[in-house]
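A short write-up of the structure that comes next.
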Amino acid sequence: MAYQLTSLGISVLALVRERPMHGYEMFQTLVRRHADRIVKVRPGSLYHAVDRLSEEKLIRRAATAREGNRPERVVYEITDAGAEALGERVRELIATPVHEFPQLVVALAEVDTLDMGTAAIAVDDRIGALEARVAEIMALRDAGVTPAGYLAALDYLLAMMQTEVSWLRGFARSLRSGRLEWKRAAGPETGNQDEVGT
């Protein structure tokens, strides 16, 4: 099976496409740009991605650098194959929807394991957390510290979170009004399923 760029691999290739840099500088740049709102960034996983991209000849060693007493650092640059793979993978991800299986969808499918009051409180808690994230991302976006491409990603995240908040508010209202049919969570199922909630 051919190697497929991961989200972190895409971010690394995009960085070294801007200019050659070493792994620690990549990590620091991603953190400074708040890329952790877009992709999961950890030092260990970043170095693993760099190693894999190097093995796949999508990046190569450009130089080694040493600052003071610090260990020698390998500076990487993108290859022609890396630039081509980056462009193709970004195009593919934008053009082709995939099933992503968010955890919230699983929880909503099983929400009837909770009583309605508990479910409504959980939804309220999620709304509050999402509203805090929306405010944080709006502040990051408006601070002007992110590159132009990241702005599109942040705007998309904002739109998705705002849509989720809107849907969740309606769902919470339905829970509290009793308009939703609800299976009983306690005890084994008995009788005709069509009669549940009547």
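Since the structure is predicted, the reported quantities are computational estimates derived from the model, not experimental observations.
- Taking a 6.0 Å sphere around CG of D80, one finds it holds 12 or fewer heavy atoms contributed by other residues, nucleotides or ligands.
- The distance from the CE atom of M161 to the CD1 atom of I137 is 3.0 Å, given to the nearest 0.5 Å.
- Within 6.0 Å of CD in E72 there are more than 12 heavy atoms belonging to other residues, nucleotides or ligands.
- Ion pairing between a basic and an acidic side chain is recognised when a charged N comes within 4.0 Å of a carboxylate O; R73 and E25 show no such pairing.
- Residues M21 and T29 are in side-chain contact: their nearest non-hydrogen atoms beyond the backbone lie under 4.5 Å apart.
- Nearest approach of D124 to A172, heavy atoms of both residues: OD1-CB, 4.0 Å.
- In plain terms, the two heavy atoms of L13 and I59 that are nearest each other are CD2-CG2, 3.5 Å.
- Around the CD atom of Q162, the shell of radius 6.0 Å holds more than 12 heavy atoms that belong to other residues, nucleotides or ligands.
- Salt-bridge formation is not detected for the pair E136/R133: no Lys NZ or Arg NE/NH1/NH2 atom is positioned less than 4.0 Å from an Asp or Glu carboxylate oxygen.
- Side chains of V134 and L157 form no contact here, defined as non-hydrogen atoms less than 4.5 Å apart.
- Between V16 and M26, the shortest heavy-atom contact is CG1-CE, 3.6 Å.
- Within 6.0 Å of the CZ atom in R176, the count of heavy atoms belonging to other residues, nucleotides or ligands exceeds 12.
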For salt bridge (charged side-chain N to carboxylate O under 4.0 Å, His left out), just list the numbers for R33 and E18, CA-CA rounded to whole Å, side-chain angles, deciding distance to a tenth of an Å, and then say yes or no.
CA-CA 14 Å; R33 292 179 178 178; E18 292 176 23; 2.7 Å; yes

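- Using a 3.5 Å distance cut-off with no hydrogens or angles, the side chains of T118 and D115 do pair a donor with an acceptor.
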